[in-house]
**Student:** 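Quick one: structure below, then a few questions.
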Amino acid sequence: MVTSINAFHEAAPLNPAFSVGKVRRVVQAKFSIASGTQANDVFILADGIPAGARIVRIMTPKGTTAMTGVSVDIGLYKTKANFAAPEEGETYSPVTYEEIDGDCLADGQSLATALGNVDILGANIASFDKVKTLAELSGDTNGNFPAGGYAVGVKAAAVGAGTGDVELDIYIEQD
């Protein structure tokens, strides 16, 4: 008889998520692909996530629209103070977002096939490691973490003729 140990536990034996469990929270996010959406438009889904947190799943709930020709990257962003005066006709926003790694959670995920995959975390990333924290995924292992935490954002990689609302459930594990 062979006895095997949970592969996630072997990869991170000090993380209780892989032995006795941890509490997870879910951020329900919604964004809209409209006729004016262009490639590289970014939609922030969750914000203020600590560096030691881990994204466990990114799920497409039942009822999500499959959009032909639309693909997205999902990655990490950080908030940045905006001290610039707005252009005429624009509203002032004190916060802007800067990309850290725009496709470290999913790369080129087609919204037409996302429903068949259900969990799209790590989509099209052969080297994706579900055990890594946000700090490790972003490469910020030297302690240079964003003061306001990380933000999870979706960037439109390709925009076809599809339009509609997209809902995602982001499962986050943190202490």
**Student:** Looking only at the aromatic ring of each residue, does the gap between the centers of F31 and F43 stay below 6.0 angstrom?
**Tutor:**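 Close enough - the centres of the two rings lie under 6.0 Å apart.
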**Student:** Which pair of heavy atoms, one from A156 and one from V159, lies closest together, and at what distance?
**Tutor:**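 It is CB-CG2, 3.8 Å.
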**Student:** Which of these, D169, I170, V27, V166, sits in a side-chain contact (heavy atoms from CB on, under 4.5 Å) with L45?
**Tutor:**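 In the set D169, I170, V27, V166, the residue that makes a side-chain contact (heavy atoms from CB on, under 4.5 Å) with L45 is I170.
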**Student:** For the OG1 atom of T133 and the OH atom of Y150, what is their distance to the nearest 0.5 Å?
**Tutor:**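 Those atoms lie 7.5 Å apart.
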**Student:** Report the C-alpha distance between D103 and I74 in whole Å, list the side-chain angles of each, state the deciding distance to 0.1 Å, and finish with yes or no for side chain to side chain contact (heavy atoms under 4.5 Å, CB included).
**Tutor:** CA-CA 5 Å; D103 60 3; I74 304 175; over 6 Å; no
**Student:** Which of these, V56, D119, I58, sits in a side-chain contact (heavy atoms from CB on, under 4.5 Å) with Y171?
**Tutor:**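 Running side-chain contact (heavy atoms from CB on, under 4.5 Å) over V56, D119, I58 with Y171 returns exactly one hit, V56.
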**Student:** Does any pair with a residue in residues 26-52 pass salt bridge (charged side-chain N to carboxylate O under 4.0 Å, His left out), and if so which ones, sequence neighbours excluded?
**Tutor:**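 Checked against salt bridge (charged side-chain N to carboxylate O under 4.0 Å, His left out) - neighbours excluded - the pairs reaching residues 26-52 are K30-D165.
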**Student:** Mind running side chain to side chain contact (heavy atoms under 4.5 Å, CB included) on E99 and V42 for me, showing each step along the way?
**Tutor:** CA-CA 9 Å; E99 183 177 310; V42 176; 5.5 Å; no
**Student:** Say you draw a straight line from CD of E167 to CE of M59; how long is it, rounded to the nearest 0.5 Å?
**Tutor:**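 Going from the CD atom of E167 to the CE atom of M59 covers 13.5 Å.
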**Student:** Is any side-chain heavy atom of R54 less than 4.5 Å from a side-chain heavy atom of N15?
**Tutor:**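 When only atoms from C-beta onward are counted, N15 and R54 do touch, with a gap below 4.5 Å.
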**Student:** Quick one: are I100 and P146 in side-chain contact, heavy atoms under 4.5 Å?
**Tutor:**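 Answer yes - side chains close enough.
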**Student:** How would you list all residue pairs meeting salt bridge (charged side-chain N to carboxylate O under 4.0 Å, His left out) that involve residues 2-20, not counting sequence neighbours?
**Tutor:**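 Matches after skipping sequence neighbours: none remain.
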**Student:** Give me the atom names and distance for the closest heavy-atom approach of A151 to Y97.
**Tutor:**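 Minimum heavy-atom contact is CB-CE2, 4.0 Å.
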**Student:** Can you name the nearest heavy-atom pair linking G102 to Y77, along with the distance?
**Tutor:**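 For G102 versus Y77, the nearest heavy atoms are CA-OH, 4.0 Å.
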**Student:** Please list, one pair per line, the donor and acceptor atoms closer than 3.5 Å that link side chains of residues 121-130 to other protein atoms, with sequence neighbours excluded.
**Tutor:**
| residue | atom | partner | partner atom | Å |
| --- | --- | --- | --- | --- |
| N124 | ND2 | D107 | O | 2.7 |
| N124 | ND2 | G108 | O | 3.2 |
| D129 | OD1 | V131 | N | 3.1 |

**Student:** If you look at every heavy atom in A11 and P13, which pair is closest and at what distance?
**Tutor:**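 Of all heavy-atom pairs spanning A11 and P13, the closest is C-CD, 3.7 Å.
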**Student:** I need the Q28 CD to L168 CG distance, nearest 0.5 Å.
**Tutor:**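 Output value for this atom pair is 11.0 Å.
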**Student:** Taking all non-hydrogen atoms of both residues, which atom of T37 and which atom of S32 are closest, and how far apart?
**Tutor:**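 That closest heavy-atom pairing would be OG1-O, 4.0 Å.
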**Student:** Closest heavy-atom contact between E136 and K132?
**Tutor:**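 That would be OE1-CA, 3.1 Å.
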**Student:** Enter the distance from D140:CG to F145:CZ here, rounded to the nearest 0.5 Å.
**Tutor:**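 So the gap between those two atoms works out to 7.0 Å.
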**Student:** Decide yes or no on side chain to side chain contact (heavy atoms under 4.5 Å, CB included) for I172 and I55, but give the supporting numbers first.
**Tutor:** CA-CA 5 Å; I172 302 168; I55 303 295; 3.8 Å; yes
**Student:** Run the side chain to side chain contact (heavy atoms under 4.5 Å, CB included) check on L137 and L105 step by step: do they pass?
**Tutor:** CA-CA 8 Å; L137 284 174; L105 300 173; 3.7 Å; yes
**Student:** Nearest 0.5 Å, what's the OG1-CD1 distance between T79 and I44?
**Tutor:**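 If we round to the nearest 0.5 Å, T79:OG1 and I44:CD1 are 9.5 Å apart.
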